[in-house]
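Atom set for the values below is all heavy atoms of this structure, side chains included, hydrogens, waters and symmetry mates excluded. Note that this is a predicted model, so its numbers are computed, not measured. In the text below, chain A, chain B and the rest are named by the order of the sequence lines, each starting its count at 1.
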Amino acid sequence: MMSLRQFAKHLVVLVGLTALPMLSTAGDLGPVPPKAKMNASDTTKCVEPIGDMRKNHMEFLKHKRDETMREGVRTKTHSLVECIDCHVTPNDKGEFARIGDDEHFCSSCHNYAAVNVDCFDCHSDLPQGAATKNPHLNKLTAGGTK
Amino acid sequence: MKKPAFKQIDGNSINYWMLLALLGGFVLAAIGSHFYMEHGGHYVTGMNNQIVWGLPHVFAVFLIVAASGALNIASISSVFGKTAYKPLAPLSTLVALALLAGGLMVLVLDLGRPDRLIVAMTIYNFKSIFAWNMILYNGFFLIVGIYMWTMLQRNMNKYSKIAGFTAFFWRLALTTGTGSIFGFLVARQAYDAAIMAPMFVVMSFSFGLAIFLLIVMASYKWTGRPLGDATFNRLKNLLGVFVAGVLYFVIAQHLTNLYATEHHGVEAFILRDGGIYTQLFWYGQIILGSLIPLAIIYHPTIGKSRSAISVASIFIVLGGLAQMYVIIIGGQAYPLELFPGKEVSSTFFDGGVNSYTPTFAEALLGLGGIAVSLFMVAFAVKVLRFLPESLADEAVDPHHSK
Amino acid sequence: MSPNNSENKTDQYRRKFLSQSAAVAGLAIAPGLVLNQVAHAKSDSDKASSANRWGILIDTNKCNKGCTDCVTACKTENGWGSVDGKASSETHSSKEQQAQWIRKVTITDKQTGHVQSLPLMCQHCETAPCVDVCPTGASMKREDGIVQVDKHICIGCRYCMMACPYKARSFIHEKLELQKATAPRGIGTVESCNMCAHRVDKDQNPACVEACTKAEHSAMIFGDLKDANSAISIELKKHGGEQIRADLGLNTGVRYQGL
């Protein structure tokens, strides 16, 4: 049986060790997703309010994928192709980032949060027609897709 | 009859650790080959759009079929009341679970998207026998696990009969389901037969008991525990009956097919013109896997030699793998009959025999499944009381008949 | 009252009667016109409906052995295979492993020596074996009869490939990229012809039929099998159409003439 003092000492050490890794994220302001074409903001709504999108985009996409794939509904709202067309934009040199790069819209947050994004094994990570514009297309994606 | 005492094996010898290391090595190799296959994709394997199931499936289906058969010994004691088999019942449940685990591991690791296994376990299309098999396989773990528990824990022994009955019917459903995977395929000449399900059930009896007998013989020899002739002969004779049973079903299937002109193409392929498949059928499945073991088991003098019987058991296992290869891969190699009576050709390999060359990675994955099963058994008998201390005739059945 | 007034009144009555009749007639016909439009045009928000059943009719007598227009069109539309000498995007896979959604099959009758050629793709069966055997329900049939793979829940077990009598399905053996937006395809999943569902949903022909029609071979017709007035139904009624492997009783959506 340990005394209360001993227990308190153990607890402090435990909490301290647990908190240690958090130091590595000190000063971290979070992910910086690139701007989309439409330039939505807290006042300018895009598809849904930004907070709603951040929290629920996976639900919107999941619901929409079944509507489109199983029922043939092809409206543009919540369509993944529309998301990519707007959000994946070229840099000043006209090059596109690929999924897995921090500069790609989806990966900018997903890499930070370390959440696997399953879409791009099958769906193209670039807007339609981008293939002709990007000189770096031959390089295979980084580890982000796995 | 004195209640048999169960005791863990010592498991201290260098040989034991070397066995675990060897099996562990194969397991790691299998995991490595899985990552190799999953990283770049299945193009590294020999499987293609014509032969979609290959060597890993041969091993996986063999292990799954053998798993339900390995439960036979326990079923005979609990369901059919033969007390002479009771001492081996716990080991029987252990081997059954271990073989199923190994087989399923290979099957899951070969999936195109193994990361979606949770989808397969939660979303079911109940018209698919595969979906039913998911439930049957998982249920097998649960039910046989409970059955095992009722036998290992003394105050649960009274429930072992009802658990045994449940396990018995469940495993029949499971093996029927596994055979139906092929039996329900209307498209291919080699499948689409009602006989596939019962044939798989009898195959499970034969393969499961062969593996079980090998494990019993090895366990008792390597731990120096006595294995009496009474027990040994019972298992041996039962094995002979099962091997004969499989041979009967194979003969019935092929004779029936030979009667129908519609099936002459695929029969000629398997029995005469199929190259490797024909060789595996006659030399592997029939001669090595059925006729030689029968001759050994029923021979008046050779049949008494334990080493001869262990050779026969190994032959049965090899013959069983050959049988699975002929069924699974031979069945895909034979072309789909889209236009009967006509010569067909296309850029998508229609109309001709399809070719398949297994790769090393696939073989390692399959062998890893066997290694996982054997590792589980070897480990479990050290930590828990699965093996009776003695299977000498006096300990098992004082009134035995030779 | 002048005689002109009474004449005017009669004219007025006549005009009124005529315009009223025209209005009533117009009202009577208008719903028919409007409904006719709805029956033929599918908007983006409409779901696929069981009121339709899409089918393709292929006249093998008009199908030239050397012609692969339908195959090339499918490759271009859906982004598989090698087109115009450019290699397939499946660079690591062997020929036996590369996907083919549609292929030309050459059939030679062993007794008569008669040679035929026809395109073979997913037959979009009413009771599709691939849909029956899929454990997760990824292999599915839409309400309008189009059979396809929901790659979101495909686990890549390839059981559907074992089950298909027409070898219509392909498995993707390697990582792909830059897929067409209308034809997502990916490693470890199974795929096949989906009758260009994305085009059908926009009231267009599948790419194969479109190419055959544009090149004026006229070997392929696409249409609604449930609409008795569609070109395909009329042709089927006049000259019939057979299924490949009719003995299986699958009631395929793709039919052939001249088999």
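Contact count against chain B (heavy-atom pairs under 4.5 Å) is highest for C134(C) among C134(C), A163(C), S93(C). Between chain C and the options V108(B), V186(B), D110(B), T122(B), heavy-atom pairs under 4.5 Å are most frequent for D110(B). Interface summary for chain C: among L338(B), V344(B), I129(B), the most heavy-atom pairs under 4.5 angstrom belong to L338(B). Note on N133(B), L117(B), V119(B), N125(B): by heavy-atom pairs under 4.5 Å with chain C, the leading option is N125(B). Interface remark: of the candidates S128(B), A187(B), G41(B), S128(B) forms the most heavy-atom pairs closer than 4.5 Å to chain C.
Looking at T136(C), the atoms closer than 4.5 Å to chain B (heavy atoms on both sides) sit in the backbone and in the side chain alike. With a threshold of 4.5 angstrom between heavy atoms, L120(C) approaches chain B through side-chain atoms but not through N, CA, C or O. Neither the backbone nor the side chain of N354(B) comes within less than 4.5 Å of any heavy atom in chain C. Both the backbone and the side chain of M47(B) come within contact range of chain C, each with at least one heavy atom under 4.5 Å from a heavy atom of that chain. If you measure heavy-atom distances from I153(C) to chain B, the contacts under 4.5 Å come from both the backbone and the side chain. Only the side chain of Y191(B) comes within less than 4.5 Å of a heavy atom in chain C; its backbone stays farther off. Looking at I181(B), the atoms closer than 4.5 Å to chain C (heavy atoms on both sides) sit in the backbone and in the side chain alike. Using a 4.5 Å cut-off between heavy atoms, F339(B) contacts chain C through its side chain alone, with no backbone atom that close. Contact of I123(B) with chain C is made through backbone and side chain together, with heavy-atom distances under 4.5 Å. For chain C, the nearby part of L336(B) is the side chain; its heavy atoms alone come within less than 4.5 Å.
Using bins of under 30°, 30° to 60° and over 60° for the plane-to-plane angle, the ring pair W101(C)/W80(C) lands in the parallel bin.
When only modelled atom types and interatomic distance are considered, T45(B) and Y356(B) share no side-chain donor-acceptor pair under 3.5 Å.
A donor-acceptor pair under 3.5 Å is formed between the side chain of T278(B) and the backbone N or O of I270(B).
Heavy-atom neighbours of chain B within the stretch residues 104-119 of chain C, taken at a separation under 4.5 angstrom, comprise K104(C), V105(C), T106(C), I107(C), T108(C), D109(C), K110(C), Q116(C), L118(C).
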